[in-house]
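For ligands, and for the atoms within them, numbers begin at 1 and follow the listed sequence.
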Amino acid sequence: MITGANAGIGKETARQLALKQETEKIYLACRNIEKAKAAKKSLEESTGRSIFEILIMDVSDTDSVKKGVRALSEPIDALIMNAGGTGGKNPEKLTKDGVTNITATNLLGHVVLVDELLTANKLKNVALFASSEAARGIKKMGMKRPDLSTSSIEEFQAVFDGTFFGNNFDPMQVYGVIKYGGTLWMSSMARKNPDIRFISMSPGGTRGTQGFDDLPFFKRIMFKYIGMPIFMPLMGLSHSLSKGAKRFVDGISNDALKSGSFYASKEGVLTGPIVEQSTIFPNLKNERYQENAHAAIHRFIH
Ligand SMILES: NC(=O)c1ccc[n+]([C@@H]2O[C@H](COP(=O)([O-])OP(=O)(O)OC[C@H]3O[C@@H](n4cnc5c(N)ncnc54)[C@H](OP(=O)(O)O)[C@@H]3O)[C@@H](O)[C@H]2O)c1
């Protein structure tokens with residue numbers, strides 16, 4: 001199952017997985033039925049396989065996630081938690097669960113999805129969370145390394161409800177801290193569920209996505225049409241959609257990638273071979289922080 005499978009890296013991951021003969025079925029978990037149908041049709045045409053099934057799920061709405069899991073009639077081998085980004089037009093607004101939209105889309109919905117799948121015994125093998133190099137900071141893009149003072153449950157709770165950022169809610173910075181929280185949650189899940197592999201993986205800087213569409217006009221033009229396609233490849237900061245998606249395919253297929261770990265690009269670049277990220281940012285290995293992030297996000301689930 002791939003969340004956010006109708007566009008960008010999610011859709012390309014579905015395409016690459018379908019080209020593997022051992023893939024029997026792919027659930028496209030999408031929020032918009034029309035976009036999902038169009039993606040299904042184009043995936044069937046490009047792969048020559050009719051193995052795609054649409055599951056309507058808006059990951060920013062926990063009721064929709066629960067409904068999607070109930071509609072799933074069989075267990076899945078692999079879950080790719082791909083839906084995400086900088087949180088739409090109003091990333092700082094709170095959902096009915098009390099988290100910001102940016103937290104709901106990247107994290108809370110996926111936490112509920114995994115919990116519901118596990119309770120229903122519908123997740124068998126591996127779960128992959130789409131993290132980002134932003135979770136350990138990207139100096140060249142001005143994205144700071146997450147800098148929490150205590151990393152307590154309360155502090156993570158404030159990150160997830162937005163109060164941590166006060167009037168300084170810059171989605172590009174907040175995004176990295178949310179992905180950091182999600183990556184810590186995944187490591188905690190790995191310890192609690194030793195029979196399932198929990199991997200966090202960044203696709204790297206990836207072109208050809210909808211990623212910058214919600215940014216203000218000037219930033220959008222700068223990133224999407226000038227930075228991403230022209231300057232960033234030269235600086236090792238962006239690669240093709242197929243390379244980005246291949247990281248997710250490898251993440252669920254390669255058993256040598258260790259449960260509880262976070263893989264992304266080497267320091268200073270957003271492309272090339274992946275490395276385990278606690279070698280760059282040791283906080284990622286801190287079990288107390290992992291448990292605190294896990295507990296904090298669960299405070300929003302009732
Ligand atoms: N591209 C990069 O350089 C990069 C780098 C590091 C990490 N990532 C991460 O990789 C993942 C995929 O990124 P991308 O660049 O492929 O993004 P994208 O092109 O913006 O595509 C995001 C997909 O997620 C879906 N989605 C968004 N909110 C959703 C919701 N509430 N419920 C269900 N689906 C939802 C979108 O559906 P709609 O069409 O309906 O909006 C779309 O299908 C994200 O988690 C992103 O943070 C990307």
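A salt bridge links Lys25 with Glu53: the closest approach of a Lys/Arg side-chain nitrogen to an acidic carboxylate oxygen falls below 4.0 angstrom. Here Glu267 pairs with Arg145 in a salt bridge; the nearest charged N to carboxylate O distance falls below 4.0 Å.
Taking every non-hydrogen atom of Ser60 and a distance limit under 4.0 Å, the qualifying atoms of ligand 1 come out as 31 (N). Which parts of ligand 1 touch Gly205 is read off a 4.0 Å heavy-atom cut-off, strictly below it: atoms 3 (O). The ligand atoms of ligand 1 that sit less than 4.0 angstrom from a heavy atom of Ser131 are 6 (C), 7 (C). Close contacts between ligand 1 and Lys35 involve ligand atoms 38 (P), 39 (O), 40 (O), 41 (O) [criterion: under 4.0 Å to a heavy atom]. Under a 4.0 Å criterion applied to the non-hydrogen atoms of Met57, ligand 1 contributes the atoms 32 (N), 33 (C). Close approach to Ala83 involves these atoms of ligand 1, each under 4.0 Å from a residue heavy atom: 24 (O), 26 (N), 34 (N), 35 (C), 45 (O).
Side-chain contact check for Thr3 and Arg31: no donor-acceptor pair (N or O, by modelled atom type) lies under 3.5 Å. Side-chain polar atoms of Ser202 and Lys179 form no donor-acceptor pair below 3.5 angstrom.
Scanning Ile2, Ile9, Asn6 for the heavy atom closest to atom 43 (O) of ligand 1 points to Asn6.
Between Tyr180 and Phe281, the ring centre distance stays below 6.0 Å.
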